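Please read these numbers as outputs of a predicted model, since none were measured by experiment.
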Amino acid sequence: MPVFDIRKTNFRIDTMGGGQQTTSLELVDDKGREWVLRSVDKDVQSDKKIAQNKFIKAIIQDHVSGSYPYGGLSVPDIAHAAGVSAGEQHLYFIPDDTAFGPYRQAMANKVFILVNNQPQPQKGITTIEMLEKLKSGKQYYVHPKEYLKARLVDWLVADWDRHEDQWSWIEEKTDSGIAFYVVPKDRDQAFYKSNGLLIKFVSLFALSHINKFNKSGRNIKILGKKTKELDKQITGILKKEDWETIVKEFQKNISDPVIESAIKKQPPEIFAIRGNELIEKLKSRRDGLLTHVMKYYDFLHTE
């Protein structure tokens, strides 16, 4: 992977962010757009609740290996083919570099994904802010068809970690008022795979939403566990025929060449190991998408 030399880029460091387990450095480019360097590895030691139990800590730290760090390199091409906004991503090694100043130690000698968090000129708002605006007046609405296309990308790549912090929302004036368009973020769990027996056992009870990337793609109800209510709220005005039309168009747009080109965005050394397997599974999941998505539609509308 290439080495990231911040001196040779158009970025300036904004602030250190990230959650309890991810090292994250927020950057701004010369156009004012927001980017972020997010560590590929997670450190569960930094989560105090987990760190208190050595057995649980060991299990969860090992669970990190189920994530596929190269998935985010491929998802933008798939999203763009579907008409969904997505920021480009690049894989880098960051050396021990004094240019990172006070963040040097946190960043040194680690692998990071550089993510464009603002692929459009306009800065987005959070899901909470979007929902508050929806409550404030009838002039606001979410474009349901665009949202459903974004969810189809999630389901195609088996990204089970979708929640309110994983999206930002762009406002756009229309004849009907002000529409919100979704901009997905964070693809840490795309193409997730864990064959461990313990994870399989735990998923039966506490972590059923953790669903591995396989050929069938049938468990969309499980993949949608975290966002079921939001899915229902936003797509509620769409008819069954609308869902079918959108899925069929999605399947057409995600052609074999699109899938093959997207997976080839991963390092050639990695493609040689798993590339053909990913391509085969994506094609299979795409082909079965209509059947499985319509089952999810029935689930949302029978609760």
Between Trp169 and Tyr181, does the ring centroid distance fall short of 6.0 Å?
no
In terms of hydrophobic clustering (I, L, V, M, F, W, Y; side-chain heavy atoms under 4.5 Å; direct or indirect links), are Met130 and Val183 co-clustered?
no
Exactly one of Arg285, Lys185, Arg162 should register a salt bridge (charged side-chain N to carboxylate O under 4.0 Å, His left out) with Asp154. Which one does?
Arg162
Could you list the residues that satisfy side chain to side chain contact (heavy atoms under 4.5 Å, CB included) with Tyr141, not counting sequence neighbours?
Thr174, Ser176, Ala179
Side-chain contact test, heavy atoms from C-beta onward, threshold under 4.5 Å: evaluate it for Val111 versus Met1 and give yes or no.
yes
Looking at Ala262 and Ser74, what are the two nearest heavy atoms and their distance?
O-OG, 2.8 Å
Are Arg7 and Thr98 close enough that some pair of their side-chain heavy atoms sits under 4.5 Å apart?
yes
Reported CD-to-CG distance for the pair Glu34 and Asp29, which is rounded to 0.5 angstrom
9.5 Å
Heavy-atom distance under 4.5 Å between the side chains of Trp35 and Asn117, does that happen here?
no
Can you measure from CD1 (Ile263) to NZ (Lys281) and round to the nearest 0.5 angstrom?
11.5 Å
Glu244 and Val247: side-chain contact (heavy atoms from CB on, under 4.5 Å), yes or no, with the steps?
CA-CA 5 Å; Glu244 291 174 343; Val247 175; 6.0 Å; no
Pair Leu238-Ile246, side-chain contact (heavy atoms from CB on, under 4.5 Å): steps then yes or no:
CA-CA 10 Å; Leu238 296 178; Ile246 293 168; 4.3 Å; yes
Going by side-chain hydrogen bond (donor to acceptor under 3.5 Å, both in side chains), Tyr68 matches just one of Gln189, Gln266, Arg274. Which one?
Gln266
Quick check: does any side chain N or O of Ser261 sit under 3.5 Å from a backbone N or O of Pro257, one acting as donor and the other as acceptor?
no
Using a 4.5 Å cut-off between side-chain heavy atoms of Ile, Leu, Val, Met, Phe, Trp and Tyr, which other residues end up in the same hydrophobic cluster as Ile273?
none
Begin from the C-alpha positions of Asp159 and Tyr192 and carry the test side-chain contact (heavy atoms from CB on, under 4.5 Å) through to its verdict.
CA-CA 7 Å; Asp159 190 347; Tyr192 177 91; over 6 Å; no
Sorted by chain and number, sequence neighbours left out, salt bridge (charged side-chain N to carboxylate O under 4.0 Å, His left out) with Glu132 holds for Lys135
Quick check: is Ile13 connected to Phe11 through a chain of hydrophobic side chains (ILVMFWY, heavy atoms under 4.5 Å apart)?
yes
Is Pro76 close to Glu88 at the side-chain level, that is, under 4.5 Å between some pair of heavy atoms?
no
Heavy-atom closest contact (Thr9 atom, Asp5 atom, distance)
CG2-O, 3.4 Å
Are side-chain heavy atoms of Arg38 and Glu26 found at a separation under 4.5 Å?
no
Are more than 12 heavy atoms from other residues, nucleotides or ligands located less than 6.0 Å from atom CZ of Arg218?
no
For the aromatic rings, using the six-membered ring if either is Trp, is the centroid distance between Tyr140 and Phe180 under 6.0 Å?
yes
Could you state whether Ile220 and Trp167 fall into the same hydrophobic cluster, counting links through intermediate Ile, Leu, Val, Met, Phe, Trp or Tyr residues with side-chain heavy atoms under 4.5 angstrom apart?
no
Here the pair of heavy atoms bringing Phe271 nearest to Asn276 is CZ-OD1, 3.8 Å
Look at Glu229 together with Lys232 and state whether they make a salt bridge at an N to O cut-off of under 4.0 Å.
no
I need the minimum non-hydrogen distance between Phe191 and Gly71, along with the two atoms involved.
CD1-CA, 3.4 Å
If we only count heavy atoms from C-beta on, is the Leu37 to Leu27 side-chain gap below 4.5 Å?
yes
After noting the C-alpha distance and the side-chain angles of Phe213 and Leu282, does the key distance pass the side-chain contact (heavy atoms from CB on, under 4.5 Å) rule?
CA-CA 9 Å; Phe213 179 72; Leu282 277 172; 3.8 Å; yes
Donor on one side chain, acceptor on other, Arg286 and Ser255, under 3.5 Å
no
Over all atoms of both residues, closest heavy-atom pair of Ile254 and Ala81
CD1-CB, 3.9 Å
Is a salt bridge present between Lys240 and Asp298, judged by a nitrogen-to-oxygen distance below 4.0 Å?
yes
Sequence neighbours excluded, which residues qualify as side chain to side chain contact (heavy atoms under 4.5 Å, CB included) partners of Thr245?
none
dist Asp77:CG -> Lys265:NZ (nearest 0.5 Å) comes out at 3.5 Å
Any sub-3.5 Å donor-acceptor pair from Thr127's side-chain atoms to Glu164's backbone N or O?
yes
Decide yes or no for Arg33 and Val28: does some side-chain heavy atom of the first lie under 4.5 Å from some side-chain heavy atom of the second?
no
State whether the number of non-hydrogen atoms from other residues, nucleotides or ligands found under 6.0 Å of Lys145 atom NZ is greater than 12.
no
When rounded to the nearest 0.5 Å, the distance separating CH2 of Trp243 from OH of Tyr297 is 8.0 Å
Among Gln251, Met294, Lys248, find the one that has a side-chain contact (heavy atoms from CB on, under 4.5 Å) with Leu289.
Gln251
Applying side chain to side chain contact (heavy atoms under 4.5 Å, CB included), can you list everything that pairs with Asp231, at least two apart in sequence or on another chain?
Tyr147, Arg151, Trp155, Thr227, Tyr296, Leu300
Hydrophobic clusters here meaning ILVMFWY residues chained together by side-chain heavy-atom distances under 4.5 Å, can you tell me if Leu131 and Ile237 are in one?
no
Side-chain donor/acceptor of Glu280 to backbone N/O of Lys283, under 3.5 Å:
no
Does Lys221 have any salt bridge (charged side-chain N to carboxylate O under 4.0 Å, His left out) partners at least two apart in sequence or in another chain, and if so, which?
none
Are Asp96 and Arg104 close enough, and set up right, to give a salt bridge (Lys or Arg N to Asp or Glu O under 4.0 Å), and what steps lead you there?
CA-CA 7 Å; Asp96 187 358; Arg104 174 183 176 182; 2.5 Å; yes
Flag, side chain of His80 to backbone of Ala86, donor-acceptor distance under 3.5 Å
yes
Quick check for you: to the nearest 0.5 Å, what is the distance between Arg187 atom CZ and Gln166 atom CD?
8.5 Å
Using salt bridge (Lys or Arg N to Asp or Glu O under 4.0 Å), reason through Lys149 and Glu146 one step at a time and then give a plain yes or no.
CA-CA 5 Å; Lys149 287 193 293 185; Glu146 300 304 316; 3.2 Å; yes
Contact summary for Met107 and Thr23, nearest pair of heavy atoms
SD-CG2, 4.0 Å
Nearest-0.5 Å distance, CG of residue Leu230 to NE2 of residue His163
12.5 Å
Answer yes or no: is there a side-chain heavy-atom contact under 4.5 Å between Glu171 and Lys133?
yes
same_hphob_cluster(Leu152, Phe299) at 4.5 Å side-chain heavy-atom cutoff:
yes
Determine whether a donor-acceptor pair (N or O, by modelled atom type, separation under 3.5 Å) exists between the side chain of Lys110 and the backbone of Ala106.
yes
